[in-house]
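Within every chain, numbering begins at 1; the chains are lettered A, B, ... in the order of the sequence lines, protein sequences first and strands thereafter. Heavy atoms only: backbone and side chains are in, while hydrogens, waters and symmetry mates are out.
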Amino acid sequence: MPELPEVETVCRGLASKLEGRGLATVVQRRADLRFPLPPDFAARLTGRRVARIGRRGKYILVHLDDQMVWLVHLGMSGRIILGPPEATPPGPHDHVVVLTDDGTELRYTDARRFGMMDLVPAAGLADCRALAGMGPEPLEADFSPAYLSRVLAGRQMPVKAALLDQKIVAGIGNIYACESLFRARLSPLRRAHTLTGARARRLVAAVKAVLAEAIAAGGSSLRDYVQASGELGYFQHQWAVYDREGEACPGCTCDRARTGGIGRLVQSGRSTFYCPVRQR
DNA sequence: CTACCATCCTGGTTGC
DNA sequence: TGCAACCAGGATGGTA
C-alpha cells in the first residue's frame, strides 16, 4: 500500500483518534519483522501517552510523552487499522495490537513482514538510523527545481531511479514516480543530470501536484486498505499510466493501434509505466 | 558512481 | 479444477 500519500492518509487518521490517548495495553504477537522489534518493545510502549503523530517520508512518527518516538514503516503490505476491540479475531499477520484508554484498538498487520518498527529518542530523531540522510519532503519548499538540478548534477542514473531514491527526495515509490513523470512529460529513461531549467521545474511541480491530489483522494488502494478507519483510498481510479499497459494514453490523441498505447518497461527490477509518445 | 540482481515474505492473479 | 509461475506499494547489500 504505502507511499507518501498512503502514509500521510494513515497519519491523519491516527492523529484524529490517537493524539492525547494513553496506550493501556500493548500486545506483541510476532517480533520478527524486517528488523526485529526492539527489546522490551511492548513494555516500553505500555502506559505511554501519544503526544503527536508526524510523518517523515514513508515513516509514521508517533511522538510519546516520554520523549521517545515510535517509528513505523509499513513496507509493502503493512496496514494500521483502528476499530473496536476484537471486532475480528486476530489473524496470523496481526503482529502488534494496542488498546487505548478510550477503548480503541490499533492493529498493525503486515503479511509480508517487510515493515519495521523502532523506538528512538525524540532528541536525535533526524539522525536516527532510519531517517539519517533522507532527502527533503517533496511537498515542502526545499524540494525545489534548484535543489533537484543541484542534487542530480552529474548523475547518470535514469530519472525514474532518482525519484525512487529516498536520499534524493523522500516518500516517492513506484506508483507516484510513474505518475509524476507522466505529468511532467519526461521519459523515465532520461538521464538524471539533464533535469535542469524548465524540465526540473516541470518535474518538481508534477511531483507536488500528483502527491497532493493523491492525498486528497485518500491514497491508492491495491489489495490492502489504506486509511486507519479501514476505508479504501480512491486515487487508483485516477492513475494515468500506472498498471495501464496497452491502454490509451490519457494525454495523447495519437493512434493507440500504432503506438501500442501505454508502455511498460523494467527498471532496476520494477515495472515502469509510461507513454513513449508523450514522455521524452 | 552505476546498473543489475537477489533477498527478505506472503498472497493474489494468470496461464497452462 | 489444480497447480506452478509470476507479480506486487520497499529497502538493502552484494557484484561487476
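- Checking side-chain atoms of A:Arg185 against main-chain N and O of A:Arg278 turns up no donor-acceptor pair under 3.5 Å.
- Heavy atoms of A:Tyr242 sit under 4.0 angstrom from primed sugar atoms or phosphate atoms, though from no base atom.
- In the set B:dC1, C:dA11, C:dG13, the nucleotide with an atom closest to the side chain of A:Arg155 is B:dC1.
- Look at CG on A:Leu163: it is 15 Å from P on C:dG9, rounded to the nearest Å.
- When the P atom is used for both C:dC3 and B:dC9, the distance is 26 Å, rounded to whole Å.
- In this view, A:Arg21 and A:Thr100, A:Asp101, A:Asp102 satisfy the side chain to side chain contact (heavy atoms under 4.5 Å, CB included) rule, not counting sequence neighbours.
- The CG-P distance, from A:Leu164 to C:dT12, rounds to 13 Å in whole Å.
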Check the pair A:Lys160 / A:Thr272 against side-chain hydrogen bond (donor to acceptor under 3.5 Å, both in side chains), numbers first and verdict last.
CA-CA 8 Å; A:Lys160 166 85 182 313; A:Thr272 299; 2.7 Å; yes

Along nucleotides 3-9 of chain B, 5' to 3', which nucleotides get a B, which get an S, and which get a -, given that the test is a protein heavy-atom distance under 4.0 Å?
S----BB

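- Put simply, CG on A:Leu131 is 11 Å from P on C:dT12, counting in whole angstrom units.
- In this structure, A:Glu245 atom CD and C:dC7 atom C1' are separated by 13 Å, rounded to whole Å.
- Distance CD (A:Gln166) to P (C:dG9): 14 Å, rounded to an integer number of Å.
- Counting to the nearest Å, the P atom of C:dG9 and the CG atom of A:Leu211 are 16 Å from each other.
- C:dT12 sits 23 Å from B:dG11 when the C1' atoms are compared, rounded to a whole Å.
- Closest approach to the A:His93 side chain among B:dT10, C:dA8, C:dA11 is made by B:dT10 (side chain taken as heavy atoms from C-beta onward).
- Among the atoms of the strands shown, only primed sugar atoms or phosphate atoms (P, OP1, OP2) are found under 4.0 Å from some heavy atom of A:Gly154.
- Here the C1' atom of nucleotide B:dC1 and the CD1 atom of A:Ile168 are 12 Å apart, to the nearest Å.
- Taking atom P on both C:dG10 and B:dC1, the two are 24 Å apart, rounded to the nearest angstrom.
- Evaluation of the salt bridge (Lys or Arg N to Asp or Glu O under 4.0 Å) rule for A:Arg12 yields A:Glu8 as partners, not counting sequence neighbours.
- Listed for the A:Arg29 side chain is a donor-acceptor partner under 3.5 Å among the backbone atoms of A:Asp94.
- The side chain of A:Arg129 lies closest to C:dG13, out of C:dA8, C:dG13, C:dG10.
- Nucleotides C:dA11 and B:dG12 place their C1' atoms 22 Å apart, quoted to the nearest Å.
- Taking a pair as Watson-Crick or G-U wobble with both distances under 3.5 Å, DNA chain B forms stems of 3 or more consecutive pairs at B:2-8 with C:10-16, B:10-16 with C:2-8.
- Proximity of a side-chain donor or acceptor of A:Ser220 to a complementary backbone N or O of A:Tyr234 within less than 3.5 Å is not detected.
- Taking side-chain N and O atoms only, A:Lys58 has a distance below 4.0 Å to OP1 or OP2 of C:dG10.
- For A:Arg56, the side-chain hydrogen bond (donor to acceptor under 3.5 Å, both in side chains) partners two or more places apart in sequence, or in a different chain, are A:Glu137.
- Remark: A:Arg244 pairs with A:Glu247 by the side-chain hydrogen bond (donor to acceptor under 3.5 Å, both in side chains) rule, at least two apart or across chains.
- Using atom P as the reference point in both C:dG9 and B:dT2, the two lie 23 Å apart (nearest Å).
- Ring geometry, A:Phe273 versus A:Tyr242: the interplanar angle exceeds 60°, so the pair is classed perpendicular (tilted spans 30 to 60°).
- Ring orientation note: the planes of A:His95 and A:Tyr108 are tilted relative to one another, at an angle of 30° to 60°.
- Going from atom CZ of A:Phe35 over to atom P of C:dG10 covers 16 Å, rounded to whole Å.
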